[in-house]
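Input: a single structure, listed below in structure tokens.
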Amino acid sequence: MPAETSRSGAPRIGLRRKARAYFLLTKPQVIELLLVTTAPTMIFAAGGWPSPLLILATMLGGAMAAGGAGAFNCYIDREADRLMRRTERRPLVTGEVTDRQALVFAWLLSAVSVIFLAFAVNPLSGGLALLAILLYVVFYSIILKRRTAQNIVWGGIAGCMPVFIAWAAVENALSWSAVVLFLVIFLWTPPHYWPLSMKYAEDYQRAGIPMLGAIASPKAVSVQVVLYAWATVICSLLLIPVGGAGWVYGLTALVSGAWFVFQCHRLHRLALEEQATSRTAMVVFHASITYLTLLFIALAFDPFVGGPVL
């Protein structure tokens, strides 16, 4: 039987498929990574377990804020996404969601997230969520992404905001410890994303997006990856004197950081030997995710095991 069509002649999409398309608009893989940092930051800020309802509300509000920003990004990048193999299955490319539907969804989800955080958590968290959305949508997606190879560096500020939101949810204020965690993610973003851009260099070139991995040689990219990896690990250790972090966090930051830096140096060595490939670049990409996950798991356990290092 032929596929059922609407009055306009376009094929109808079932409710389940439509719901999945809206879900994919939120970039769930990005949300997952952001939420990894939220609960551990709240636990460390509280020096123990915060209210389970507070954790749930903060994570739900943060997920909605990230999802709304992701939907805006899909709308803004819809023409570029049609040129890239990496994004050819996104809902706006496949037509499962129209441009207007995506834009309305992005506005609604973003507005609900800010209001929800402001009332269910506190106004500071809601204000920080609004700032995060504006940074990602306007500062990164509209202004920086197509203008500079440093787009992911400064645009990555938006990805650091969940630790501020999480800290503010517990303390209703920010502190130098929150700043250290913010800087860890800020410095971690380039060695996390630039190897990915090396793999999809042709995609970015086709779309005219100047990601460093698409416009610079593997040697040049690997140097930057190594430098930022070292900066990330050194910054992570600052939480010991600044935030009173203990042995669980300190040892994990040192050991996992050394392993992450080793993987980055390995990519640099292969690049110097002109043997770096998309596969070796993706090893660093996945290593960066493992490193950040281990670091924040240790952050969550730290208040419950032992005392501060200093």
Side-chain angles (χ1 to χ4, degrees), residues 19-76 97 101-141 155-175 177-186 188-189 292-293 296-297 299-300 303:
R20 180 177 180 274
Y22 276 112
F23 176 68
L24 292 177
L25 269 181
T26 66
K27 295 190 172 183
Q29 71 280 10
V30 176
I31 294 175
E32 181 182 356
L33 189 60
L34 295 178
L35 292 181
V36 165
T37 64
T38 300
T41 299
M42 294 180 72
I43 293 169
F44 187 80
W49 281 108
S51 162
L53 288 177
L54 180 63
I55 294 178
L56 180 62
T58 306
M59 294 185 71
L60 178 59
M64 288 192 294
F72 272 120
N73 180 258
C74 285
Y75 174 81
I76 294 165
V97 176
Q101 289 171 340
L103 191 58
V104 170
F105 176 71
W107 275 108
L108 284 175
L109 193 58
S110 298
V112 169
S113 70
V114 173
I115 295 169
F116 177 82
L117 282 169
F119 285 93
V121 181
N122 57 48
L124 178 57
S125 294
L128 289 168
L130 176 60
L131 178 60
I133 293 168
L134 291 173
L135 284 169
Y136 188 69
V137 175
V138 179
F139 187 55
Y140 171 66
S141 298
I157 293 175
C160 309
M161 294 301 290
V163 296
F164 273 0
I165 295 170
W167 198 281
V170 174
E171 295 289 315
N172 199 22
L174 298 177
S175 71
S177 296
V179 172
V180 170
L181 293 172
F182 178 98
L183 290 174
V184 166
I185 301 176
F186 175 78
W188 167 86
T189 301
L292 194 73
T293 302
F296 276 84
I297 288 174
L299 187 71

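All figures in this text were calculated on a predicted structure; none of them were measured in a lab.
Using a 4.5 Å heavy-atom cutoff, the side chains of Thr26 and Phe105 are in contact. Proximity of Phe186 to Ile157: side-chain heavy atoms (C-beta onward) are separated by under 4.5 Å at one or more points. Between Ile165 and Thr38, the closest side-chain pair of non-hydrogen atoms is not below 4.5 Å.
Atom CE in Met161 sits 10.0 Å away from atom OG in Ser125 (nearest 0.5 Å). One distance of note links CE of Met42 with CD of Glu171; it measures 10.5 Å at 0.5 Å rounding. Between Ile55 atom CD1 and Ile43 atom CD1 the span is 5.0 Å, to the nearest 0.5 Å. Taken from CZ in Phe139 to CG in Leu131, the straight-line distance is 11.0 Å, to the nearest 0.5 Å. Distance check: Gln29 CD to Leu34 CG gives 10.0 Å after rounding to the nearest 0.5 Å. Atom SG of Cys160 sits about 7.5 Å away from atom CG of Leu183, to the nearest 0.5 Å.
Taking all atoms of both residues into account, the shortest heavy-atom contact from Pro162 to Thr37 is CB-OG1, 4.0 Å. When every heavy atom of Leu109 is checked against every heavy atom of Gly68, the shortest pair comes out as CD2-N, 3.4 Å. Considering all non-hydrogen atoms of both residues, Ala168 and Leu128 come closest at CB-CD1, 3.8 Å. Residues Leu135 and Ala158 approach most closely at CB-CB, 3.9 Å, considering heavy atoms. The minimum heavy-atom distance linking Ala129 with Ala65 is given by the pair CB-CB, 4.2 Å. Minimum interatomic distance between Val97 and Ala21 (heavy atoms only, all atoms of both residues): CG2-CB, 3.6 Å.
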| task | Could you walk me through whether Val36 and Leu292 pass side-chain contact (heavy atoms from CB on, under 4.5 Å), step by step? | result | CA-CA 9 Å; Val36 165; Leu292 194 73; 5.8 Å; no
* Asked: Can you list the steps and then say if Leu181 with Leu299 is a side-chain contact (heavy atoms from CB on, under 4.5 Å)?
  -> CA-CA 10 Å; Leu181 293 172; Leu299 187 71; 4.0 Å; yes
- request: Would you check, one step at a time, whether the test side-chain contact (heavy atoms from CB on, under 4.5 Å) holds for Phe296 with Ile185?
  value: CA-CA 11 Å; Phe296 276 84; Ile185 301 176; 4.1 Å; yes
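Trp167 and Ser177 share no donor-acceptor pair across their side chains, judged by distance under 3.5 Å alone.
Between the side chain of Asn73 and the backbone N or O of Ser141, no donor-acceptor pair lies under 3.5 Å. In this structure a side-chain-to-backbone donor-acceptor pair under 3.5 Å is present from Ser113 to Ser110.
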